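Written below as structure tokens is the structure these notes are about.
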Amino acid sequence: MLFGTAPVASADQIRNDQWPLKKFDAASIWKISTGKGVTVAVIDGPVYGSHPDLTGSVLPGKSFVTGGRADQGSGDDGEHGTAMSSLIAGHGHGAGGSEGVKGLAPDAKILPVAINISTEENPKTGQQTKYAEALKYAVDKGAKVVNMSIGISGWEVTPEEQQTIDYARKHDVLVVAASGNDGVDTPQDPAGSPGVLAVGAVDDHGYVWGKSNYGPYVKLTAPGARIRSASAMEEAKGKYHLANGTSDATAYVSAAAALIRSKFPNLTAGQVANRLIKTAGIPASKQGMKLPDQHYGYGFIKPYSALTKNVPAGPKDGPFPALSGGATPKPSSAAGNDDTSANINSDKGMSTGVIIGIVGGVVAVLVIILVVVLVAKKKNGRNGPPPGGPGGYGGSGGPGGPGGFMPNQQQPYQQQPGAPGSYPPAPPTQPPGR
């Protein structure tokens with residue numbers, strides 16, 4: 001999945017190359033959340049947990065290739081998993097962690113779960129890819145977010161895989177997967193599977209990267225062009241590479257989800273996805289685009305907005321299909337609304353019990369009013385209707401006609417406009433993709 005490594009850069013250049021952190025205003029984000037207390041599983045190749053930018057952040061995990069640990073990857077086998085882990089939870093090194101690669105959620109923990117991600121053999125046969133088993137392991141080990149920067153284009157999800165994705169959702173785990181790097185509209189497994197948050201890639205201008213796969217299943221986009229990350233190559237341990245790909249974009253979405261799960265621990269996985277979607281943006285030149293778009297989804301992630309804006313929680317499934325087997329929720333039912341007058345921490349909404357109590361109280365009041373009216377009418381011998389015409393006293397009873405109650409109408413997903421020039425110009429050369 002990784003087609004090469006860029007020349008090693010100086011320590012200062014490494015951090016300077018991390019343009020997504022500048023675009024996200026990571027310094028402000030980390031004052032609000034660093035992902036502390038959240039475990040992100042990385043189902044990928046093994047991870048080189050001894051990299052200076054990852055030491056102490058990588059759990060032992062498990063390799064479904066060797067049966068041993070998954071935190072001791074090196075060389076080609078550990079290259080991809082190490083890169084993704086560094087974008088999620090890298091903490092840098094040196095004075096104050098100022099050197100090397102820093103992830104968007106630097107205090108999150110990485111649970112490495114290694115599978116065979118080789119593209120040279122059919123990963124659907126024999127002892128190759130076992131992501132269903134690996135995903136169940138990640139869920140059972142307490143991961144709250146699962147990063148799957150992997151996939152096979154043209155393959156349909158197997159019943160076993162879909163059952164495991166549903167298993168993750170039942171255990172309140174958010175599964176994030178890459179849309180693929182072929183520039184086609186063919187879904188890949190697992191990104192095209194119901195219940196998975198599929199991610200495409202954008203460049204540093206906010207425009208979709210040319211090789212990013214697309215289709216109605218894509219929900220979000222994130223930085224995936226000229227991304228600097230950690231390397232596990234034997235001849236360059238502790239070094240770095242530069243690459244393009246929806247893999248990197250997926251890692252950034254997983255990291256953003258970890259930030260939200262740390263800040264708002266009571267939100268469900270679907271509600272975390274909803275918060276990312278509700279605060280996503282699009283380039284200024286794309287304003288007015290109908291969303292979701294097959295290339296952008298609902299837009300590129302804006303982690304600071306996702307952490308600070310008032311976004312009602314919405315239904316527990318968020319933008320995903322209900323696990324009961326019903327139809328995919330419409331955006332309006334998954335999104336909630338944009339009431340900015342409410343407290344930003346009021347994410348849970350009214351419980352069913354509260355709603356039943358309110359309805360019961362209203363019914364009781366109406367019964368009392370009816371009894372009073374009938375008694376008065378009988379006592380006074382009136383035969384005509386009460387003042388205000390048919391249906392009540394003194395008019396319609398308030399907004400919405402008789403009774404004064406409006407239907408509970410929720411607003412569709414609404415995007416936050418992207419600020420012109422928020423992405424700096426891209427460097428002239430292009431690194432390899434992954």
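Keep in mind that what you see is a predicted model, and the values were worked out from it rather than measured.
Of the charged side-chain nitrogens involved, none lies within less than 4.0 Å of a carboxylate oxygen, so that D53 and K102 do not count as a salt-bridged pair.
The nearest pair of heavy atoms linking A177 to P190 is CB-CG, 3.8 Å. Considering every non-hydrogen atom in both K36 and S262, the closest pair reads O-OG, 2.9 Å. The minimum heavy-atom distance between V146 and A138, with the atom names listed, is CG2-CB, 4.2 Å. Across all non-hydrogen atoms, the minimal contact from Y137 to G61 is OH-C, 3.5 Å. The heavy-atom pair separating L87 from A251 by the smallest distance is CB-CB, 4.0 Å. Taking each heavy atom of S193 and I165 in turn, the nearest pair found is CB-CD1, 3.6 Å.
Contact of the N181 side chain with the W209 side chain is registered, since non-hydrogen atoms from C-beta on lie closer than 4.5 Å. At least one side-chain heavy atom of L104 sits less than 4.5 Å from a side-chain heavy atom of P303. Side-chain contact between I227 and W19 is present, with heavy atoms from C-beta onward closer than 4.5 Å. Annotation: side chain of M148 is not in contact with side chain of T250 (no heavy-atom distance under 4.5 Å). Between E161 and D189 the shortest side-chain heavy-atom distance falls below 4.5 Å. Proximity of S85 to L54: side-chain heavy atoms (C-beta onward) are separated by under 4.5 Å at one or more points. Here the side chains of I150 and I115 are in contact, with some heavy-atom distance below 4.5 Å. Side-chain contact between V199 and V176: present, with at least one pair of heavy atoms (C-beta onward) separated by less than 4.5 Å.
The backbone N or O of A232 lies less than 3.5 Å from no partner atom in the side chain of S74, so there is not a single donor-acceptor pair.
Atom CG of L21 is separated from atom CD1 of I29 by 8.5 Å, given to the nearest 0.5 angstrom.
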Give the intermediate values and the outcome of side-chain contact (heavy atoms from CB on, under 4.5 Å) for residues Y167 and H171. CA-CA 6 Å; Y167 179 81; H171 287 77; 3.2 Å; yes

Working for side-chain contact (heavy atoms from CB on, under 4.5 Å), residues Q188 and I152: CA-CA 5 Å; Q188 71 173 23; I152 298 112; 5.7 Å; no

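I260 pairs in a side chain to side chain contact (heavy atoms under 4.5 Å, CB included) with only one of the listed residues (L267, V145, V38), which is L267. Checked against D166 for a side chain to side chain donor-acceptor pair (under 3.5 Å), the options Q163, K170, Q162 give a single hit: Q162.
Side-chain contact check for E79 and S231: at least one donor-acceptor pair (N or O, by modelled atom type) lies under 3.5 Å. Defined by atom type and a distance below 3.5 Å, a donor-acceptor pair is present between the side-chain atoms of S285 and Y207. Side chain to side chain, S247 and H80 meet the donor-acceptor criterion of an N or O pair below 3.5 Å.
For K22, the NZ atom sits in a packed shell: over 12 heavy atoms of surrounding residues, nucleotides or ligands are nearer than 6.0 Å.
Taking the centre of each ring, Y240 and H51 come in below the 6.0 Å mark.
K62 forms a cation-pi arrangement with F64, by the criterion of a distance under 6.0 Å to the ring centre and an angle within 45° of the ring axis.
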